[in-house]
Amino acid sequence: METKDSPDIKSFKKFPLTLRLVVLVVAVVCGIYIGTICLEQKGLRTSINLLDITVFKQPCSRPSGVQEWELPYLHYPEPQNYSREECACNPVLFFCIVSMQRSGSGWFETFLNSHINVSSNGEIFSVGKRRANVSSILETMDTVYNLDWFSSASKNECSAAVGFKWMLNQGLMEHHEEIEEYFERRRVSIIFLFRRNLLRRMISVLANSYDKDAKPLNGSHKSHVHSASEAKILAKYRPRINVTLLITELKLTKETAAKAITYFKNTRHIVLYYEDLVNNRTKLKDVQEFLRVPHRDLESRQVKIHTAPLSKQIENWDEVQKALTGTPYQSFLHKD
């Protein structure tokens, strides 16, 4: 009995050899392609093209309770090194504490930094290269006010007021025109902090200079202390004041402070005196109002060093008393 081929086999045998080879090659190529796709999906080679989605940033709404004049002083910095995230629409006020050494600015700054929304970054221009020229000064300030400055005081993401302190002998007076223009352009507010009793300031300056060399606190220099025992040790030193230059130096110090206020009279500012802060802590409430931050009970751990009467703090007290009696500076001899 004759065996018949199945219809499928018969149909296949009718194709020429060349066509069969073409079909085979196509099958092999398809297999390789499918295998490559599988390998890519397994991570041996990944090439993913995402859709280019542009996100448009929504403008921040006007804060409630803000008066019209305040708006230019409220900023929304965009730091280069991090994102402010949920605080991006929290407005920030820029400030600068302008003062002189040994005028209570370090003590005052600790009060400010005890506020959860205030970052005062210290005496940044004590480093010479930062004040080498106007360009470096402006660049340094840009870093602070862009919230890219990092210090122990930084609360950058949710700061409501950010600034630093600047001593008059650290380039501020030499470049006051360019700095005043910068403050006006960036709407920086100034807190002037000086001492009324310049004789007490002089004692503090001389004592601090002595401490840098003598280092009576276990061989270390401390401009500020946090315990009564440390304050007592530093207060033991009684400087001898050059009475020949005394009035000249007091006059120069007073004139320099007055000149600084004149240079920046058109900049939004407040003038504070160390003695007022010591005797009336409600002044700190005025400062918070000036910085437009919520009122908080501020605190400082620093301890006052020189508390004794002036007659106990100056080695040549009789000479100093004689030199100042009958002059415009006679009031410095008395209690603050």
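Quick note: numbers below take in every heavy atom, side chains included, and nothing from hydrogens, waters or symmetry partners. Only a predicted model underlies this, so the values are computations on that prediction, with no experimental measurement involved.
A donor atom on one side chain and an acceptor atom on the other are not found under 3.5 Å apart for Asn279 and Tyr274. The closest side-chain donor-acceptor pair between Thr325 and Gln330, if any, does not fall under 3.5 angstrom. Inspection of the Asn218 and Ser220 side chains reveals no N or O donor paired with an N or O acceptor under 3.5 Å.
With sequence neighbours excluded, the residues that form a side-chain hydrogen bond (donor to acceptor under 3.5 Å, both in side chains) with Thr110 are Ser300. Residues forming a salt bridge (charged side-chain N to carboxylate O under 4.0 Å, His left out) with Glu249 (at least two apart in sequence, or on another chain): none. Considering only residues two or more places apart in sequence or on other chains, Ser223 meets the side-chain hydrogen bond (donor to acceptor under 3.5 Å, both in side chains) condition with Asn208, His221.
The aromatic rings of Phe192 and Phe264 sit tilted, their planes meeting at an angle between 30° and 60°. Using the six-membered ring where Trp is involved, Trp69 and Tyr73 have ring planes that are perpendicular, over 60° apart on the 30 and 60° scheme.
Looking at every heavy atom in both residues, Val144 comes nearest to Gly163 through CG1-O, 4.2 Å. What you find for Arg84 and Val92 is that their closest heavy atoms are NH2-CG2, 3.5 Å. Between Arg201 and Thr253 the shortest heavy-atom distance is NH1-CG2, 3.9 Å. Minimum heavy-atom separation, Leu168 to Met100: CD1-CE, 3.6 Å. What you find for Ser189 and Arg268 is that their closest heavy atoms are OG-NH1, 2.8 Å. Closest approach of Met173 to Tyr263, counting heavy atoms only: CE-CE1, 3.6 Å.
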Show the numbers, then the answer: is there a salt bridge (charged side-chain N to carboxylate O under 4.0 Å, His left out) between Arg240 and Glu319?
CA-CA 10 Å; Arg240 183 175 186 83; Glu319 293 179 11; 3.2 Å; yes

Hey, mind stepping through Arg185 and Glu181 against salt bridge (charged side-chain N to carboxylate O under 4.0 Å, His left out) and telling me if it holds?
CA-CA 6 Å; Arg185 174 167 51 85; Glu181 188 278 329; 3.5 Å; yes

Could you go step by step and tell me if Asn121 and Ser151 meet the side-chain hydrogen bond (donor to acceptor under 3.5 Å, both in side chains) rule?
CA-CA 6 Å; Asn121 292 285; Ser151 71; 2.7 Å; yes

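Within the structure, every pair that satisfies the side-chain hydrogen bond (donor to acceptor under 3.5 Å, both in side chains) test and touches residues 95-108, not counting sequence neighbours, is listed here: Gln101-Asn169, Arg102-Ser204, Ser105-Lys165. Within the structure, ring pair (Phe, Tyr, Trp, His ring centres under 6.0 Å) contacts touching residues 292-315 (residues at least two apart or in different chains) do not occur.
With a 4.5 Å cut-off between side-chain heavy atoms of Ile, Leu, Val, Met, Phe, Trp and Tyr, the cluster of Val303 takes in Leu217, Val225, Ile233, Leu234, Ile305.
Taking the centre and axis of the six-membered ring of Tyr273, the NZ or CZ atom of Arg196 falls inside the cone set by 45° and 6.0 Å. Arg195 forms no cation-pi arrangement with Phe332, by the criterion of a distance under 6.0 Å to the ring centre and an angle within 45° of the ring axis.
Separation of atoms CZ (Arg296) and NE2 (His115) is listed at 5.0 Å; rounding is to 0.5 Å.
Counting heavy-atom neighbours within 6.0 Å of Leu71 CG, excluding the residue itself, gives a total above 12.
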